[in-house]
**Student:** 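Below are the structure tokens for one structure; questions will follow.
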Protein chains: 2
Amino acid sequence: MGAEGHADGTVGKALDVLDMVAGFGRPVRFSDILAQADYPKATLYRLLQTLTHQGMLTLDPETGSYALGVRLVRLAHAAWAQSSLAPIARPYLDELARETGETIHLAQMDLGQVLYVDKRNAAKPVEMFAQAGKVGPAYCTGVGKAMLAYLPPEALEAALARQSFHRFTPHTLASREALLAELEAIRKRGHAWDAEEHETGIICCAVPIRSRAGRVMGALSVTSTTARTTLDALGAQAPMIKDIAAKIAAEAESWRFPEQV
Amino acid sequence: MGAEGHADGTVGKALDVLDMVAGFGRPVRFSDILAQADYPKATLYRLLQTLTHQGMLTLDPETGSYALGVRLVRLAHAAWAQSSLAPIARPYLDELARETGETIHLAQMDLGQVLYVDKRNAAKPVEMFAQAGKVGPAYCTGVGKAMLAYLPPEALEAALARQSFHRFTPHTLASREALLAELEAIRKRGHAWDAEEHETGIICCAVPIRSRAGRVMGALSVTSTTARTTLDALGAQAPMIKDIAAKIAAEAESWRFPEQV
DNA sequence: AGACTTAGTTTCGAATAGTGAAACCAAACG
DNA sequence: CGTTTGGTTTCACTATTCGAAACTAAGTCT
């Protein structure tokens, strides 16, 4: 029915609105949202009221503008702590950052997009969640390709359908075919490159984090610049990165079973 | 109708379930949730299905257990980045941590409870979100009392109604009257103490962060131990803490107006 | 001041979406 | 092989939600 995303039920609509408010990145007034959403005035009004009443949004009575509520932050804490990967990977990321002196990314797949879950920055020791939580494209980032390469066919298909294939740089793989060929190469090689495909001057080496059963749980990458190093030099570190990815995977898996309370 | 919390509409119920899953702090199976929630089987099932379909939950097909979804992490990132206080306060917290060498907390009020939004730890430079996002009681923490003291009457009443007044230590103010008297003292003094009221050996000095109009936006605290310092010594730093709180408030406020896009 | 937008809130009958007891299916158990 | 446990589906009933339209409260303009 709806032109876009099939928001099922009231809950879907409410979450849709929530995303919308989040998308603005600043407090928004009723009419701002009304313009963007194609829900009728009264409906939107009720939706906003419900969300506010539930603490997912807050309405500043002075300016009459909505912002994301604290309940989300609370939920988020749980989500992050629970997301099998992030808390477990923490010490390993620290280690990897220390060893390499480069920027480290930990990412997961989210509907064809890359969601950065944690990050270590060469300069600023532990800078997380100010950057982590962001989303990026899958087809032109190291972590994205590393995950795509090991996705089961149906999931890959679903993910591919959501790629924009925008050409960010001259090196961007801007077609489905080019990407598929690259994914094949990644599987052969065992790790993915980002050869300035997303941003000029930025290169990285990424490996998937996979469960023993082969399920892709996330990806880990070491990022640097062409000014500082080369792909080959980064590649020399691939075995170490893979090793750490394996450790994270192992620990993440062994976490599930002893949950008998 | 419902014995407990008045969850209005389907959205309320869905969010309720979400909280529930978050509360477990680990992947949970259908029946775990069913036991906890008092929704009928079929209803809960549909709710979970919707949430999963929406990406707020993920269902691990292997173990058949639900966990919080990535969409939540994405939303949370936005919530944190947008929560007028947290991102602005970042550099100030760093500064305060450097100056005092103690643990710093930034908190907001969430339905009568204290929600820790950011944290600096004396030992580990920047440890956030692993601790931040947690909630704690308001009546027996420094930040909690600092905020309560400056809440408008109705909000204070609502918050008080939600305090458990559990006696954590011999110093806990375990009654409404004792707390009200203390709040009065805090207003006189301009800052709040935590004199081992929540945990033995832990003391802190907290100040509210208030808008020019007087609205309580959050609170800031410096925490230490009785082994290392005394309340009086902490009190000597109160002016500096207040100063920083004022700076954060000012910057947070000046953020709203230039939003004309 | 009076007329005319603009922004947000409320109403109310019709339509839809949510409800939940009960039936059902599939494993695991004894 | 009958039974329990854990999860999914059905379906008639009804409470919720829908959304056009009416309404209120500020601004603006002339």
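Below, chains carry the letters A, B, ... as their sequence lines are ordered, and counting in each starts from 1.
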**Student:** Counting only side-chain nitrogens and oxygens, does B:S31 get under 4.0 Å of the OP1 or OP2 atom of D:dG7?
**Tutor:**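 For D:dG7, OP1 or OP2 has a side-chain N or O of B:S31 closer than 4.0 Å.
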
**Student:** Using a 4.0 Å cut-off on protein heavy atoms (strictly under), produce a 5'-to-3' string for nucleotides 22-30 of chain C with B for base contact, S for backbone-only sugar-phosphate contact, and - for none.
**Tutor:** ---------

**Student:** Rounded to the Å, how far apart are A:L59 CG and C:dT9 C1'?
**Tutor:**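 In whole Å, C:dT9 C1' and A:L59 CG are 12 Å from each other.
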
**Student:** Specify the closest pair of heavy atoms between B:Y116 and B:G136, including all atoms of both residues, with the distance to one decimal.
**Tutor:**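 It is CE1-N, 4.5 Å.
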
**Student:** C:dG18, OP1 or OP2 - any side-chain N/O from A:T10 closer than 4.0 Å?
**Tutor:**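 It does, given that an N or O in the side chain of A:T10 lies less than 4.0 Å from OP1 or OP2 of C:dG18.
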
**Student:** Among D:dC18, C:dT19, D:dG7, which nucleotide has an atom closest to any side-chain atom of B:F30?
**Tutor:**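 Nearest to the side-chain atoms of B:F30, counting from C-beta on, is D:dG7.
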
**Student:** Indicate whether OP1 or OP2 belonging to D:dG19 is found under 4.0 Å from a side-chain N or O atom of A:Y39.
**Tutor:**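 No, no such contact exists.
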
**Student:** Can you tell me which stems DNA chain D forms, taking runs of 3 or more consecutive Watson-Crick or G-U pairs with both distances under 3.5 Å?
**Tutor:**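 So the stems come out as C:1-30 with D:1-30.
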
**Student:** Does the side chain of A:Y45 get closer than 4.0 angstrom to OP1 or OP2 of C:dT9 through an N or O atom?
**Tutor:**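 Checking A:Y45 against C:dT9: at least one side-chain N or O falls below 4.0 Å of OP1 or OP2.
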
**Student:** Would you indicate what B:T43 reaches in the nucleic acid, counting non-hydrogen atoms under 4.0 angstrom: base, sugar-phosphate, or nothing?
**Tutor:**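 Here B:T43 touches the bases of the nucleic acid.
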
**Student:** Side chain of A:R46 only, heavy atoms from C-beta on: which candidate in D:dC18, C:dT9, D:dT9 is closest?
**Tutor:**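 Closest nucleotide among those given: D:dC18.
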
**Student:** In terms of side-chain heavy atoms of A:L47, which of D:dC18, C:dT10, D:dT17 is nearest?
**Tutor:**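 Given the options D:dC18, C:dT10, D:dT17, the side chain of A:L47 is closest to D:dC18.
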
**Student:** Go nucleotide by nucleotide along DNA chain C from the 5' end; which of A:D32 and A:V11 gets its closest nucleotide reached first?
**Tutor:**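 Of the two residues, A:D32 wins.
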
**Student:** Decide whether B:E251 and B:Y92 meet the rule of one side-chain donor and one side-chain acceptor closer than 3.5 Å.
**Tutor:**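 A pair is found: one side chain offers a donor N or O, the other an acceptor, under 3.5 Å apart.
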
**Student:** Checking side-chain contact (heavy atoms from CB on, under 4.5 Å) against A:V17, which of A:L47, A:T50, A:T43 comes through?
**Tutor:**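 The option that passes is A:L47.
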
**Student:** Base, sugar-phosphate or nothing for A:R29? Non-hydrogen atoms, less than 4.0 Å.
**Tutor:**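 Result for A:R29 = sugar-phosphate.
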
**Student:** Can you find a pair of side-chain heavy atoms, one from B:K41 and one from B:L34, that are under 4.5 Å apart?
**Tutor:**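 SC-SC contact between B:K41 and B:L34 confirmed.
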
**Student:** Could you state the atom-to-atom distance from CG of B:L48 to P of C:dG18 in whole Å?
**Tutor:**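 It works out to 14 Å between those atoms.
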
**Student:** With a 4.5 Å cut-off on side-chain heavy atoms, are B:L93 and B:D118 touching?
**Tutor:**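 Answer yes - side chains close enough.
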
**Student:** Whole-Å distance between D:dT9 P and B:Q49 CD?
**Tutor:**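 Checked: the CD to P distance equals 7 Å.
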
**Student:** Return yes if some donor-acceptor pair links the side-chain N/O of B:Q163 with the main-chain N/O of B:Y139 below 3.5 Å, else return no.
**Tutor:**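 Yes: the side chain of B:Q163 pairs with the backbone of B:Y139.
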
**Student:** Can you give me the closest heavy-atom contact between B:M147 and B:M109, atom names plus distance?
**Tutor:**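 In terms of heavy atoms, the two residues are closest at SD-N, 3.6 Å.
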
**Student:** Figure out the CG/P separation between A:L34 and D:dA20, and round it to whole Å.
**Tutor:**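 About 12 Å, once rounded to whole Å.
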
**Student:** Please report the shortest heavy-atom distance between B:A245 and B:L220, naming the atom on each side.
**Tutor:**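 Between these two residues, the closest heavy atoms are N-CD2, 4.1 Å.
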
**Student:** What's the shortest heavy-atom distance between B:I186 and B:A149, and which atoms?
**Tutor:**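 Scanning both residues completely, I find the closest heavy atoms to be CG2-CB, 3.7 Å.
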
